[in-house]
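In this text, all values refer to a predicted model and were calculated from it rather than measured experimentally.
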There are 2 protein chains.
Amino acid sequence: MAHRPRSEMIAETKCKLLESARRAFGTVGYADASMDDFTAEAGLTRGAIYHHFGGKKGLLEAVIMQIDAEMTERLHEVSKRASNPWDGFVDECLAYVEMALEPEIQRIVHRDGPAVLGDPLGWSNQEGCLAAMMKHVRTLKQQGYIRQELDPEATARLINGVSLHGAQWIANSHDPKQASDRIVIAFRALLEGLLTTSNVN
Amino acid sequence: MAHRPRSEMIAETKCKLLESARRAFGTVGYADASMDDFTAEAGLTRGAIYHHFGGKKGLLEAVIMQIDAEMTERLHEVSKRASNPWDGFVDECLAYVEMALEPEIQRIVHRDGPAVLGDPLGWSNQEGCLAAMMKHVRTLKQQGYIRQELDPEATARLINGVSLHGAQWIANSHDPKQASDRIVIAFRALLEGLLTTSNVN
DNA sequence: CCAATTGACATACGCAGCGTATGAACTTAC
DNA sequence: GTAAGTTCATACGCTGCGTATGTCAATTGG
């Protein structure tokens, strides 16, 4: 077995770095993740990181983009199998909450990410979870489900905030199950504020 | 002029440390704030920090508590001069948004704080901004303004999330004025979802 | 098929920054 | 007035990042 093409080797190296970095970031956090440690774990050294990702920050950014792509995919799956647009939207929101409960996502995407890279607006603008939700809101508006005066982007942003904080509260609650139930009730109530009067049940 | 009582000297030292640390954290951020630098700026050394605050984290915690206390006070002022409870609540929410726009608050309280110290639930549980908002929600519920099935804590948490993300979006927008207008509309819509049907206009 | 060149990493070095252990001065208590 | 405790400064070692440099393999051009 001779050597495989170079492009494959590179892709594998990048993949290994992303994997071990993601695990380190997700467990001990960005600040306490030693580059020497998790590169060694991947059988490499820091040199590879500086070459491929420019540095520790670049690596974090790449990890986040990877996770965000996975989240977007999962959310798409959820909203696809709803019977009507509004329910699909609500389901997607709740799925987003559930995902934010996963330790890896919570830590990397929602805590260290904004702290290290700044506001999420910069790195998840195109084709990310936020973009997907924004598109969803726009559709609901066109179909008359929600109020006409609502701006899709602003609305998506706010709902995103609701989801994140709800999730955070649930995650850190001593009784996650009960917290989840209470959050869902309040969440649904808030969302109903968006509906046009003719759509309020 | 002889020596003043020791307790005064200590208080002054603590105050100076808090002040310079707060400035450093608020501008360059927690990670890039060198303890040697901002202690020197206060005419002291790191030794003082480890003695009084236990370390860098402890100092951040103290700074956050100081800011949170100021925020609580300011919010209280706002809601006090409203004509009715619901308007007072809405005003308080919008004031919270505005405060989250201030760079120092945004950076220290909403970004570095959670990243370094973990979830805000731990450090702002008692007598903080969240507690105040929660109390407000409870009152509104008792007075019949908002739905009975809503849990005050969960609701306050979600609204907090709405405020934070709205503020963040406004702050990073290229047109803050326009963004602010769009956020306010969506924010009000969401809040109206909390109202009892008899209170919806 | 063989240089020449580029790319993909590893190695070595320097430096900043944190935490701790130690020490000195000053205060308070008795 | 002395002993004890407090408040800070100083000194030390360690970890961890970034960069500069080196090395080897792979690709390219003739």
Side-chain angles (χ1 to χ4, degrees), chain A residues 1-63 108 112-113 115-118, chain B residues 1-63 108 112-113 115-118:
Chain A
M1 160 178 168
H3 298 274
R4 287 174 303 168
R6 165 168 277 215
S7 59
E8 270 188 34
M9 299 295 291
I10 296 172
E12 190 185 326
T13 295
K14 278 191 177 181
C15 186
K16 281 197 290 188
L17 285 174
L18 278 173
E19 199 176 337
S20 62
R22 179 170 171 172
R23 179 167 36 237
F25 291 162
T27 50
V28 298
Y30 176 83
D32 289 338
S34 162
M35 292 172 75
D36 283 327
D37 286 356
F38 65 75
T39 49
E41 188 186 338
L44 296 160
T45 68
R46 273 183 304 138
I49 288 180
Y50 284 98
H51 184 74
H52 288 294
F53 301 98
K56 200 180 182 184
K57 281 188 183 180
L59 184 57
L60 175 63
E61 199 176 338
V63 169
I108 300 177
D112 288 339
V116 176
L117 304 176
Chain B
M1 162 174 166
H3 299 274
R4 288 174 301 169
R6 163 166 279 214
S7 58
E8 270 188 34
M9 300 295 291
I10 296 172
E12 190 184 326
T13 295
K14 278 190 178 181
C15 186
K16 282 196 290 189
L17 285 175
L18 278 173
E19 199 176 335
S20 61
R22 179 170 169 173
R23 180 167 35 237
F25 292 162
T27 51
V28 299
Y30 176 83
D32 289 339
S34 162
M35 293 172 75
D36 283 327
D37 286 355
F38 66 75
T39 49
E41 188 185 339
L44 296 159
T45 68
R46 272 182 303 139
I49 289 180
Y50 283 98
H51 182 75
H52 289 294
F53 301 98
K56 200 179 180 183
K57 281 188 185 182
L59 184 57
L60 175 63
E61 198 176 339
V63 168
I108 300 177
D112 287 339
V116 177
L117 304 175

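- Rounded to an integer number of Å, the gap from NZ of Lys57(A) to C1' of dC17(D) is 12 Å.
- The stretch residues 20-32 of chain B does not touch DNA chain C, since none of its heavy atoms comes less than 4.0 Å from the strand.
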Exercise. Would Ile108(B) and Tyr30(B) count as a side-chain contact (heavy atoms from CB on, under 4.5 Å) if you check the C-alpha gap in whole Å, the side-chain angles of each, and the deciding distance to 0.1 Å?
Worked result: CA-CA 8 Å; Ile108(B) 300 177; Tyr30(B) 176 83; over 6 Å; no

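- Listed by residue number, Ala33(B), Ser34(B), Met35(B), Arg46(B), Tyr50(B) are the residues of residues 33-53 of chain B with a heavy-atom contact under 4.0 Å to DNA chain C.
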Are any protein N/O atoms closer than 3.5 Å to N/O atoms in nucleotides 22-24 of chain C? If there are, list each pair with its distance.
none

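- Between the C1' atom of dG7(C) and the CD1 atom of Ile10(A) lies a distance of 7 Å, rounded to the nearest Å.
- Nearest heavy-atom pair, Val63(B) versus Ala21(B), reported as atom, atom and distance to 0.1 Å: CG2-CB, 4.4 Å.
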For this session: Step by step, work out the side-chain contact (heavy atoms from CB on, under 4.5 Å) result for Leu18(B) and Leu59(B).
Result: CA-CA 7 Å; Leu18(B) 278 173; Leu59(B) 184 57; 4.2 Å; yes

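- Between the CG atom of Leu60(B) and the P atom of dC18(C) there is a distance of 13 Å, given to the nearest Å.
- Not counting sequence neighbours, Asp37(B) has no partner by the side chain to side chain donor-acceptor pair (under 3.5 Å) test.
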Problem set entry | side-chain contact (heavy atoms from CB on, under 4.5 Å) between Glu61(A) and Phe53(A), intermediate numbers included | CA-CA 9 Å; Glu61(A) 199 176 338; Phe53(A) 301 98; over 6 Å; no

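- Partners of Ala24(B) by side-chain contact (heavy atoms from CB on, under 4.5 Å), not counting sequence neighbours, listed by chain and number: Ala33(B), Phe38(B).
- Applying the salt bridge (charged side-chain N to carboxylate O under 4.0 Å, His left out) test to pairs two or more places apart or on separate chains, none has a residue in residues 47-57 of chain B.
- For the atom pair CG of Asp32(A) and OG1 of Thr27(A), the computed distance is 10.0 Å after rounding to the nearest 0.5 Å.
- One can place NZ of Lys16(B) at 14 Å from C1' of dA9(D), the figure rounded to the nearest angstrom.
- Residues forming a side-chain contact (heavy atoms from CB on, under 4.5 Å) with Ala115(B) (at least two apart in sequence, or on another chain): Asp112(A), Ala115(A).
- Here side-chain hydrogen bond (donor to acceptor under 3.5 Å, both in side chains) pairs that include residues 39-53 of chain A, with residues two or more places apart or in two chains, are Arg23(A)-Glu41(A), Asp36(A)-Arg46(A).
- Here the C1' atom of nucleotide dT28(C) and the CE atom of Met9(B) are 15 Å apart, to the nearest Å.
- Separating the CD atom in Glu12(A) from the CD atom in Glu19(A) is a distance of 10.5 Å, to the nearest 0.5 Å.
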